[in-house]
Amino acid sequence: MNPLCSPRDHTLSRRAFLGGGLGLLASPLFAEAMKQRDKQVLFVWLDGGMSQLETWDPKPNTEFGGPFRSIPTSVPGIHFGELMPKLAKQMHKLCVVRSMSTKDNAHSSGVDRIQRGDPKNRGVPYPHFGAGVAKLLGPGTSGLPPYVWIKPGSGGFRAEDAGFLGPKYGSLAFGDGKPPDNLLRHPDISAEQDAARNELRQMLDQRFAKQREKRVVEANASVFDMAEKLMARADIFDTSKLPERDRDRYGRHDLGQHMLVARQMLEAGVRFVKVTSYGWDTHGDHFNSQTTMVPKFDQAFSAMLEDLESSGLLKTTLVICLSEFGRTPRINGHVGRDHWPEAWSIAMAGHGVKHGMVVGETNERGTEVKSQPFDIGAAFHTWYQALGIDSHKVEFDNAGQPLPIAHDDMLPIKEALA
Amino acid sequence: MRQTWTFVIFGAFSVLLLTGSALSAEALAQKIDAVLFAKPPSQAEDAEFLRRVWFDFDGGIPTADEARAFLADKTADKRTKLIDKLISAPRFAVRMADAFHVMLMERRGDNEAWKAWLVESFKTNKPWDAMVREMLAPDFLDEKQRGAGYFITRRLEKVGQQDTDYPGLTRDVGRMFMGIDLQCCQCHRHLSVSDYKQIDFSGLYSVFQNLKLQPADDKHKTPWLSEGLIAAKYEFVSVLTDKKAQTAPRIPFGEEVMIPVSTGDDAWLVKPDRKTKEVGQPKFSPLREIAQRVPAPENALFAKNIANRVWFLFIGKGIVEPLDLHHTENPPAHPELLDLLAKELAAHHFDLRWLIREIALTQTYQRSGAHQRHLTAEQQLRAFLIATVERERLEKNPKPDVKVDALKYNLADFEKAFAAALANPAKEPELAANPSLRSALFLRNSDHVQWALKPRTGNLIDRLARQTDPVEDLYLTVLTRLPDAEEKAQLKSWIAAHADDKSKALGDFAWALLSSTEFFVNH
């Protein structure tokens with residue numbers, strides 16, 4: 001990490017100022033706390049494939065450009081699609097790579113390939129990026145699970161995300177942004193009673209461990225400890241107590257409210273938070289659906305960037321937003337766009353990446369990458385390096401077999417690294 | 001006098017002879033011990049043995065009364081008697097069905113016909129080779145057999161946009177019935193296991209990719225399988241060498257099945273007909289061929305796999321591990337033992353009940369400090385309900401009513417809750433105790449656990465609260481053992497410290513015992 005502050009680091013946002021953040025931000029104690037703070041990751045996944053043409057890489061008035069205009073952003077010369085007015089104002093925080101060119105155009109394999117960084121086939125499943133970060137950076141000091149996934153639908157623990165790293169590094173999924181079942185203390189049990197009987201359980205276990213293998217008792221102790229820590233932080237799931245204004249700013253829709261839970265998680269110190277939004281696979285009636293979907297994303301993601309900046313967390317948090325691929329420039333017979341891994345965009349912000357810049361470009365019609373194309377392996381190198389991990393030297397250990405953490409034939413996107 | 005003595009001595013000798021002949025019927029148990037131990041291992045205490053055999057054979061734990069009776073029994077052969085009692089009880093078939101369901105289906109879902117087929121198979125002690133034949137090529141028109149078809153039909157259900165998982169089915173047939181995981185051989189020879197070749201996967205795959213899942217209809221009460229016509233060998237290419245090769249249907253390491261030369265109408269038993277939607281039935285059924293050849297005595301891995309899996313279930317550790325990685329570079333921990341079990345099992349016509357009884361009679365099984373076995377969610381539920389003395393109430397409750405405390409739940413509610421909290425995620429082998437955040441939160445906060453620990457007429461807490469000194473009953477009921485002095489004192493002081501509400505104090509103490517590591521283990 002660059003130890004020197006950029007001028008922007010000294011700019012106080014209006015929100016932080018009004019929110020009484022000035023005193024806090026100015027205090028040397030806070031500065032010290034920021035330095036000590038662990039690095040974190042926010043990973044926003046738009047499942048199904050977001051259209052680069054309606055968002056990060058508009059091509060208005062061209063053959064495949066579609067009906068929307070483009071608008072200027074806070075960085076002169078850079079334009080976004082008109083459905084993202086809020087994010088356009090945040091461009092100075094973002095780093096957009098418009099030259100992604102990946103290989104798999106099927107959802108079933110693409111989702112997996114992109115999230116695992118498409119390493120060379122080693123005959124073992126590679127960990128998702130979140131599991132890799134959980135392994136390499138550890139759970140941090142929050143005591144919370146290192147890899148949390150907020151998503152619509154069902155929740156639960158997803159051991160398969162961890163691949164060969166083993167179930168320990170799997171994701172803990174919070175379905176519909178809700179806490180796991182049975183998180184709250186039973187209403188018939190008082191806090192005192194709950195603590196007392198849990199202490200008794202620990203005593204009984206420690207006694208049992210003296211006669212038996214310790215391993216099982218330890219495994220049990222660790223899940224009860226994790227349960228205890230999550231129970232103590234049940235508040236981070238409770239968006240109902242947040243100011244109405246925050247809930248409105250993020251948007252009263254799944255993605256907005258899930259993003260808000262994600263903010264709580266990051267503030268509570270969770271190492272890696274993934275937020276998923278489904279339904280981006282718009283093969284038909286693409287443009288109408290964009291007018292409802294993209295603004296929701298615009299609202300939620302820009303509110304998150306604002307808040308991460310004003311709390312100072314953006315300095316230590318790497319923010320990534322992507323899909324398994326982009327969408328075809330050619331508009332199909334159902335007024336839709338299909339799968340297009342050949343030329344698409346990802347957006348980044350925060351720790352370790354440059355701000356206010358675009359890397360790479362596509363041709364005029366948006367069909368191909370004109371500059372140097374980057375496969376997902378290059379993005380993995382970039383992200384690991386942004387987190388201070390030397391992605392060429394550091395290796396995973398697969399039961400004694402050293403394996404590279406990112407595709408060993410690829411290099412990071414240097415232009416994007418701060 | 002002398003004569004009398006001779007008679008007595010002769011009599012004793014004949015008794016010995018008789019015992020000897022009885023023992024020779026149990027020879028496998030002795031042979032097992034002889035392979036594993038130069039001198040007998042120290043034997044488990046009665047209480048430890050009791051809990052172990054109960055979990056393994058009944059699927060739950062004994063009640064306090066059953067435990068007391070066994071501990072008080074002074075006869076020498078009480079362990080053998082208990083094994084024989086449990087193995088012939090109806091619960092044994094239910095417990096085996098649970099163990100094999102979890103092993104074979106790996107939490108892919110539940111199915112009534114499948115469960116019923118498993119229970120019936122174990123109840124009638126159907127030989128394992130017959131079971132496997134029925135699973136691989138079931139007669140879907142036979143009410144007694146069609147449940148077996150779930151093994152394949154469930155695996156061929158389409159999930160989302162993914163292709164029908166024929167490779168997954170092929171892999172699982174190898175894993176479950178021959179103890180070999182051929183997954184990597186779908187695209188090339190196995191890179192780390194030189195025994196496994198691409199042809200071993202392809203020979204099986206050619207049979208399974210020829211199946212089509214058909215929905216239930218008037219004739220078939222369950223989804224069923226139709227087979228296509230196989231007229232030529234299956235061609236495959238290695239992604240490593242680009243080399244092409246071909247194979248007829250073939251079980252791994254076996255001989256190719258000859259594909260009959262027949263064309264046109266000749267090839268069909270029932271011709272396909274688009275108009276009547278008849279899918280057709282070819283004369284040559286590769287599936288039936290495979291279903292004969294996998295569970296055959298000549299297929300050495302078939303016997304070794306099931307011997308190893310049964311050993312794993314009852315001893316807590318496989319002779320070959322992982323269970324699905326038998327190959328020459330991964331030799332068994334005790335090659336002699338695996339050979340012995342496999343040969344004797346084949347010679348006994350794959351009689352699993354016989355094998356299980358022999359294993360249970362060994363000193364190996366009955367030794368102290370045995371390996372810990374995984375408990376299924378079903379076993380944990382049964383143990384929990386016996387310990388809290390709530391099983392009968394739940395079983396007898398046909399219609400739950402949330403407004404009446406005693407009728408709040410029935411057994412199905414508990415089965416669902418326990419499976420959700422304690423079972424493994426789908427498609428993973430469930431082999432080791434796997435505590436999770438989910439299970440910890442369930443034990444700590446769920447209403448189900450809380451409900452069972454409230455005093456209610458006839459349940460554990462109600463019963464204990466009526467006793468002046470409940471410690472022995474509590475430990476026997478929950479942990480199937482007597483408390484030691486320290487534990488007695490601990491409960492006494494706990495109750496004294498929470499004297500304002502004895503039921504609550506007992507409920508909390510019982511909760512701590514039920515949530516402790518000791519409760520949900522089977523050594």
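Naming: A, B, ... by sequence-line order, numbering from 1 per chain.
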Under a 4.0 Å threshold between the charged nitrogen and the carboxylate oxygen, would [Y] count as salt-bridged to [X]?
X: Arg444(B); Y: Glu228(A); result: yes
X: Asp235(A); Y: Arg233(A); result: yes
X: Lys454(B); Y: Asp405(B); result: yes

Review point. Hey, which residues of residues 489-503 of chain B are touching chain A, say heavy atoms under 4.5 Å apart?
Key: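 Hits under 4.5 Å: Gln490(B), Trp494(B).
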Exercise for review: Answer with yes or no whether the side chains of Asp194(A) and His186(A) bring together a donor and an acceptor at under 3.5 Å.
Suggested key: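 No - no donor-acceptor pair under 3.5 Å links their side chains.
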**Study point:** Shortest non-hydrogen contact between His339(A) and Asp281(A), atoms and distance
**Key:**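 Result for this residue pair: NE2-OD1, 3.2 Å.
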Look at [options] and state which one has the largest set of heavy-atom pairs under 4.5 Å with chain B.
options: Leu204(A), Leu200(A), Ile189(A), Leu230(A); result: Leu200(A)
options: Leu172(A), Asp181(A), Asn198(A); result: Asn198(A)
options: Glu199(A), Gln193(A), Met226(A); result: Gln193(A)

With a 4.5 angstrom heavy-atom cut-off, which part of [X] approaches chain B: side chain, backbone, both or neither?
X: Phe208(A); answer: side chain
X: Ala209(A); answer: neither
X: Leu184(A); answer: backbone
X: Asp225(A); answer: neither
X: Leu183(A); answer: both
X: Asn220(A); answer: both

Review point. Between Phe414(B) and Trp451(B), how do the two ring planes meet: parallel, tilted or perpendicular, split at 30° and 60°?
Key: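 Phe414(B) and Trp451(B): tilted rings.
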Review point. Is it true that the NZ or CZ of Arg201(A) lies under 6.0 Å from the centre of Phe224(A)'s six-membered ring and within 45 degrees of the ring axis?
Key: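 Verdict for Phe224(A): a cation-pi partner in Arg201(A).
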Review point. At a heavy-atom separation under 4.5 Å, does Val449(B) approach chain A through its side chain, its backbone, both, or neither?
Key: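 Nothing of Val449(B), per the 4.5 Å heavy-atom cut-off to chain A.
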**Study point:** Side chain / backbone / both / neither for Gln450(B) at chain A, heavy atoms under 4.5 Å
**Key:**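 For Gln450(B), side-chain heavy atoms alone lie under 4.5 Å from chain A.
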Check your understanding: Are the side chain of Thr388(B) and the backbone of Phe384(B) linked by a donor-acceptor contact shorter than 3.5 Å?
Key ->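 Judged by distance alone, yes, a pair lies under 3.5 Å.
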Exercise for review: Applying side-chain contact (heavy atoms from CB on, under 4.5 Å), name anything that partners Ser238(B), two or more places apart in sequence or on another chain.
Suggested key: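 With neighbours one apart ignored, the set is His188(B), Gln198(B), Leu240(B), Thr241(B).
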**Study point:** By side-chain hydrogen bond (donor to acceptor under 3.5 Å, both in side chains) - contacts of Glu106(B) (at least two apart)
**Key:**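 Residues passing side-chain hydrogen bond (donor to acceptor under 3.5 Å, both in side chains) with Glu106(B): Arg175(B).
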For residues 509-516 of chain B, tabulate all N or O donor-acceptor pairs below 3.5 Å that involve a side-chain atom, not counting sequence neighbours.
from	atom 1	to	atom 2	distance (Å)
Trp511(B)	NE1	Leu443(B)	O	2.8
Trp511(B)	NE1	Ser515(B)	OG	3.3
Ser515(B)	OG	Trp511(B)	O	2.9
Ser516(B)	OG	Leu513(B)	O	2.7

